[in-house]
Undergrad: 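Have a look at this one.
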2 protein chains.
Amino acid sequence: MATTDALTPERILEATEEVLRRHGPAKATVVDVARALGVSHGSVYRHFRTKTALREAVTQRWLDRTSTSLSGVVAGSEPPETRLRRWLAELFAAKRRKVGDDPELFATYMVLVGESSAVVNRHRADLVGQLARIIHEGLERGDFAPADASPEALARAVFDATGRFHDPAYAREWGDPGIDAEFAALVDLVLRGLRAP
Amino acid sequence: MATTDALTPERILEATEEVLRRHGPAKATVVDVARALGVSHGSVYRHFRTKTALREAVTQRWLDRTSTSLSGVVAGSEPPETRLRRWLAELFAAKRRKVGDDPELFATYMVLVGESSAVVNRHRADLVGQLARIIHEGLERGDFAPADASPEALARAVFDATGRFHDPAYAREWGDPGIDAEFAALVDLVLRGLRAP
DNA sequence: CAGATGACAGATTTCAATTTTTGTCATCTG
DNA sequence: CAGATGACAAAAATTGAAATCTGTCATCTG
């Protein structure tokens, strides 16, 4: 079978994701991954130097799926304010979906957050960069007030301000009643802060 | 000795705080507290039904010291915007001081946060209430724009938005370089959102 | 008799022995 | 000879027995 024969990083990531889904981050071992692929664990180590690197690669792929989907909103043609609202709403929705659909992968992600892994930092920087692009456009068009802060600093502030609705540390609260109203109130406040008078 | 003779809740709390400071939340036992007081652990249980109740009482007292100090800012005579800025800055400063000066009590507090204890919820409600009073006054005076949200909802939004600078989950980042600039940027954004055009 | 005590049962934690896992590498194989 | 293998040492996790801790309560004491 030519398609499944070669042991590629891609195939290993696929198998690792599956193993993580089944066993969770605490129980999943490299030997499990090797077994799922029908190879020895030594072969897995040929492609990923450590177990940590493997976990990070899986998480990165998983997080990138969110970034990619959000970048569609950034590239949209609606006015910046609308895109910013949609972007924040979609980020919140995506995170909620991730907890609900993939609790084990979400737990893996939270392990990396706890270790403040480079992967998580890159993901955050990615998202803040997307925000900065929307805000930059809003400033240029005059929709947003030219505050004395740079688009990057504003983006960071918006990201921080909405942390309760995307930081995994708060995942437990995402099912609370009233959470949507609180999200709406916060987004309104932040957007009033950005908007030109 | 009349002053130290009676076994009062107050004396127990004092001793518990000391034991927690020395051993941390993981190692401190009720027997340690009793030993520090020179009584049997049964006597401690006469005043606090469980070890959890004792931990919560200590934490509550500790958190109340912050609330009380902040309520001075709420009662001040400066314009609401100034008080809001000061209140947020003092909350951030107080939390930083707490981590630095009392790491073990801070760790105890974080245990309760993890258990979403009633004490922590009361503390949060307390703080949001203080914010709401400042915001209410600002709305009445016309300094803040009468958004379609209630002072309480606005207060909650402000509290959530500034979480990175008071939620203990972020304590690790409070020493990062640039944190003060990020705090300032976020406060500016939030205050622009509140301010009347 | 109000309040303290400490023996006690059950729950939890600790610690050391054992097992499993990680990561390396000399060897093998197609 | 590129890539896979599995034996191996060191590190980490698991296990189960022993020790400690929590919470109760019958008893004691000033």
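Per chain, numbering begins at 1; letters A, B, ... match sequence-line order.
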Undergrad: Measure the distance from NE2 on A:His47 to C1' on C:dG23 and round it to the nearest whole Å.
TA: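 In whole Å, C:dG23 C1' lies 16 Å from A:His47 NE2.
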Undergrad: Not counting sequence neighbours, list each pair that qualifies as a ring pair (Phe, Tyr, Trp, His ring centres under 6.0 Å) and has a residue in residues 60-91 of chain A.
TA: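 Ring pair (Phe, Tyr, Trp, His ring centres under 6.0 Å) check on residues 60-91 of chain A returns A:Trp62-A:Tyr109.
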Undergrad: Please determine whether a side-chain nitrogen or oxygen atom of A:Ser40 lies at a distance below 4.0 Å from atom OP1 or OP2 of D:dA4.
TA: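 No, outside the criterion.
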Undergrad: Salt bridge between A:Glu81 and A:Arg141, side-chain N to carboxylate O under 4.0 Å?
TA: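 The answer is no: the pair does not qualify as a salt bridge.
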Undergrad: A:Lys51 NZ to D:dA10 C1': how many Å, rounded?
TA: 16 Å
Undergrad: If you check every side-chain atom of A:Tyr45, which of D:dT22, C:dT22, D:dA4 has the closest atom?
TA: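 Comparing D:dT22, C:dT22, D:dA4 against the side chain of A:Tyr45, the answer is C:dT22.
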Undergrad: Starting at the 5' end of DNA chain D and moving along, which residue's nearest nucleotide shows up first, B:Arg46 or B:Thr50?
TA: B:Thr50
Undergrad: Between C:dA4, D:dT22, C:dT22, which nucleotide gets closest to the side-chain atoms of B:Val30?
TA: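 Nearest listed nucleotide: D:dT22.
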Undergrad: What integer distance in Å separates A:Arg35:CZ from D:dA4:C1'?
TA: 18 Å
Undergrad: If you measure from the Lys or Arg side-chain nitrogens to the Asp or Glu carboxylate oxygens, is any gap between A:Arg124 and B:Glu173 under 4.0 Å?
TA: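 Looking at B:Glu173 together with A:Arg124, the answer is no, because their closest N to O distance does not fall below 4.0 Å.
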Undergrad: Out of C:dA4, D:dG23, C:dT22, which nucleotide sits closest to the side chain of B:Leu7?
TA: C:dA4
Undergrad: Among C:dT22, D:dA4, D:dT5, which is the nearest nucleotide to the side chain of A:Val39?
TA: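 My answer, after comparing the listed nucleotides, is D:dT5.
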Undergrad: Counting only Watson-Crick or G-U wobble pairs whose two distances fall under 3.5 Å, which nucleotide matches D:dC28?
TA: C:dG3
Undergrad: Roughly how many Å is it from NE2 in A:His23 to P in C:dT20, rounded to a whole number?
TA: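 Result: 15 Å.
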Undergrad: Can you tell me how far apart CG (B:Leu63) and CG (B:Leu105) are? Round to the nearest 0.5 Å.
TA: 10.0 Å
Undergrad: Base, sugar-phosphate, or nothing: which does B:Ser43 touch, judged by heavy atoms less than 4.0 Å apart?
TA: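 If one applies the 4.0 Å heavy-atom cut-off, B:Ser43 turns out to touch a base.
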Undergrad: Spell out yes or no: do the side chain of B:His41 and the base of D:dG23 have one donor N/O and one acceptor N/O closer than 3.5 Å?
TA: yes
Undergrad: When the distance from CZ of B:Arg49 to C1' of D:dC25 is rounded to whole Å, what number comes out?
TA: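 Value for this atom pair: 16 Å.
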Undergrad: Counting only Watson-Crick or G-U wobble pairs whose two distances fall under 3.5 Å, which nucleotide matches D:dT22?
TA: C:dA9
Undergrad: Got a second to check how far B:Thr29's OG1 is from B:Arg35's CZ, nearest 0.5 Å?
TA: 6.5 Å
Undergrad: What is the distance, rounded to the nearest whole Å, between atom CZ of B:Phe48 and atom C1' of D:dT24?
TA: 18 Å
Undergrad: Please determine whether a side-chain nitrogen or oxygen atom of B:Lys27 lies at a distance below 4.0 Å from atom OP1 or OP2 of C:dT12.
TA: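 Answer no for this pair, as no side-chain N or O of B:Lys27 is under 4.0 Å from OP1 or OP2.
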